Chemist: 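Pasting a structure here, questions to come.
Just so it is clear, the model here is predicted, and its values are computed rather than measured.
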Amino acid sequence: MAPTKQELSLIINPLVPEAVQHNNRVLSSLHSLTSFLLGLSAGILALQSAAGFIFYFTGTVLVSGLFHLVILKRSGGAGAGAFFPGAGGEIEGSVKMDKSGVVSMDLGGRKDRRQFVLRKGAWRDLWFGGGVVSEALSGFVLGWAGVGGVLR
């Protein structure tokens, strides 16, 4: 049976599961810490209701954007796909295996000197991963309500 596109992409550019777990932990810690600090800031600024949540989402987008820029710099332009698996670890472009078993990759006619792999949906892991909507939001609310309650 011929290997699937996902299996071929992992042969060409493997992601070590331990490294992906570490990257997810770092991302989760980053989002949790910044969310708590955003909550403290919202409490100190005495933001209430929708203004506090807009502050949270604006701060989260800013931090995720800065982290994305760091990832782009560190990966040499490859983006989040160099560190996160994305949608099932599948890469963009066509992956082929000839009869002798040699695996090759076509990146859609790109003529770059650097042949890096673009993973499908890896940007979602960076922007929405790490508990931005669940764990980090609860840290934001905790810091926001705690400091807001103490200051009143």
Chemist: What pairs with Phe57 under ring-ring contact (aromatic ring centres under 6.0 Å, His included), at least two apart in sequence or on another chain?
Modeler: none
Chemist: Could you pull out all donor-acceptor pairs under 3.5 Å where a side-chain atom in residues 35-44 meets a protein atom, sequence neighbours excluded?
Modeler:
| unit_1 | atom_1 | unit_2 | atom_2 | d |
| --- | --- | --- | --- | --- |
| Ser35 | OG | His31 | O | 2.7 |
| Ser41 | OG | Leu37 | O | 2.9 |

Chemist: Given Val70, which of Arg74, Lys73, His68 fulfils the side chain to side chain contact (heavy atoms under 4.5 Å, CB included) condition?
Modeler: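 Looking at Arg74, Lys73, His68, the match for Val70 under the side chain to side chain contact (heavy atoms under 4.5 Å, CB included) is Arg74.
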Chemist: Who are the side-chain contact (heavy atoms from CB on, under 4.5 Å) partners of Ile54, not counting sequence neighbours?
Modeler: Thr58
Chemist: Could you note down all residue pairs passing ring-ring contact (aromatic ring centres under 6.0 Å, His included) where residues 130-152 supplies at least one of them, sequence neighbours left out?
Modeler: Phe53-Trp144, Tyr56-Phe140, Phe140-Trp144
Chemist: Which other residues end up in the same hydrophobic cluster as Phe83, if Ile, Leu, Val, Met, Phe, Trp and Tyr are linked when side-chain heavy atoms come under 4.5 Å apart?
Modeler: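 Traced through the cluster, Phe83 reaches Leu27, Leu30, Val61, Val63, Phe67, Ile71, Phe84, Trp123, Leu126, Trp127, Phe128.
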Chemist: What residues, two or more places apart in sequence or in another chain, satisfy side-chain contact (heavy atoms from CB on, under 4.5 Å) together with Ser28?
Modeler: Ser32, Glu135
Chemist: Spell out, yes or no, whether Leu137 and Val147 are grouped together once hydrophobic residues are joined by side-chain heavy atoms under 4.5 Å, including indirect joins.
Modeler: no
